[in-house]
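Order of listing sets the numbers, starting from 1, for every ligand and every atom in it.
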Amino acid sequence: MANFEEIIISPSLLAADFGHVADDTTRVINAGADWIHLDVMDGNFVDNISFGPAMIEAVHATNDIFLDVHLMISRPDHYLPRFIEAGADLITVHVESNHDVADTLKRIRKAGVRAGITLNPATDISEVEPYLEMIDLLLVMTVVPGFGGQSFMAEMMPKVEQAARWRNERRLDYHIEVDGGIGPETAKIAAAAGANVFVAGSAIFGAPDMRAAVEAIRSARS
Ligand code: DX5
Ligand code: ZN
């Protein structure tokens with residue numbers, strides 16, 4: 001069983017300085033990051049292009065931290081083997097992407113990688129319900145995916161609450177992650193709703209003191 005009481009901080013590398021990705025990764029690990037969140041965008045599923053498997057492989061080659069890969073791409077099924085090969089520890093796919101969701105989740109787990117599912121703000125939480133037994137993590141997007149630095153959508157909290165209710169009622173086993181506009185204050189709101197994994201880009205990489213920023217988010221549930 002995963003420990004849902006444990007707070008996990010997953011800084012998003014999208015907010016790092018792309019000219020110094022290795023340095024920024026080391027800095028954020030030294031600042032207390034538990035995981036590294038890697039936002040993969042294909043310019044089709046979302047209106048932005050970030051990076052692909054080569055970035056995951058480069059981060060994997062330089063340290064041992066848990067790699068939390070968020071695929072914002074139209075065909076996660078097609079590209080899956082490359083992200084597995086690159087060293088992802090967890091791969092989260094969108095329910096809205098063009099794939100057989102159950103099959104993709106099965107393939108992720110079969111490769112010994114943890115499987116996550118996520119949904120856009122406009123998508124109803126019921127869309128992910130058929131997959132709850134096949135996942136290690138449910139990511140509730142708290143912004144429209146595509147760009148860092150957007151404002152947290154508190155109106156997504158009923159989804160977090162529903163995800164926690166299902167987990168409890170059905171004795172299921174998945175982390176609940178939130179992504180978008182997370183900082184110390186919004187993390188508190190999400191933690192109260194039931195989230196335990198916090199993705200943060202600008203609030204960590206944009207902070208003058210990275211360690212203080214990580215700790216401020218970690219204290220969300222104290
Ligand atoms: C949004 C990405 C997020 C983003 C978060 O499409 O999935 O992970 O990097 O950035 P902040 O924390 O700046 O909202
Ligand atoms: Zn993300």
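Of the N and O atoms on the side chains of E177 and H175, not one donor lies less than 3.5 Å from an acceptor on the other residue. A donor atom on one side chain and an acceptor atom on the other are not found under 3.5 Å apart for H70 and D68.
Judged purely by atom type and a 3.5 angstrom limit, Y174 uses its side chain to pair as donor or acceptor with the backbone of A163.
Side-chain atoms of N168 and R165, non-hydrogen and from C-beta on, never get closer than 4.5 Å to each other. Side-chain contact between I117 and L105 is present, with heavy atoms from C-beta onward closer than 4.5 Å. Contact of the H99 side chain with the V101 side chain is registered, since non-hydrogen atoms from C-beta on lie closer than 4.5 Å.
Around the Zn ion (ligand 2), the protein contributes the following N, O or S atoms under 2.8 Å, ordered by chain and number: H37 NE2, D39 OD1, H70 ND1, D179 OD2.
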Between V199 and I182, is a side chain to side chain contact (heavy atoms under 4.5 Å, CB included) present by the stated rule, with each step listed?
CA-CA 7 Å; V199 176; I182 297 295; 5.7 Å; no

Intermediate values then yes/no, salt bridge (charged side-chain N to carboxylate O under 4.0 Å, His left out), K106 and D103:
CA-CA 5 Å; K106 276 185 208 147; D103 186 63; 5.9 Å; no

Should L90 and W35 be marked as a side chain to side chain contact (heavy atoms under 4.5 Å, CB included) after you check the CA-CA gap, both sets of side-chain angles, and the distance that decides it?
CA-CA 10 Å; L90 165 82; W35 296 357; 3.8 Å; yes

Enumerate the pairs of nitrogen or oxygen atoms, one from ligand 1 and one from the protein, separated by less than 3.5 angstrom; state names and distance to 0.1 Å.
| from | atom 1 | to | atom 2 | distance (Å) |
| --- | --- | --- | --- | --- |
| ligand 1 | 6 (O) | G146 | N | 2.7 |
| ligand 1 | 7 (O) | D39 | OD1 | 2.9 |
| ligand 1 | 7 (O) | H70 | ND1 | 3.4 |
| ligand 1 | 7 (O) | D179 | OD2 | 2.9 |
| ligand 1 | 8 (O) | D39 | OD1 | 3.1 |
| ligand 1 | 8 (O) | D39 | OD2 | 2.6 |
| ligand 1 | 8 (O) | D179 | OD1 | 2.6 |
| ligand 1 | 8 (O) | D179 | OD2 | 3.1 |
| ligand 1 | 9 (O) | S12 | OG | 3.1 |
| ligand 1 | 9 (O) | D39 | OD2 | 3.1 |
| ligand 1 | 12 (O) | G201 | N | 2.7 |
| ligand 1 | 13 (O) | G149 | N | 2.8 |
| ligand 1 | 13 (O) | S202 | N | 3.0 |
| ligand 1 | 13 (O) | S202 | OG | 2.4 |
| ligand 1 | 14 (O) | G181 | N | 2.8 |

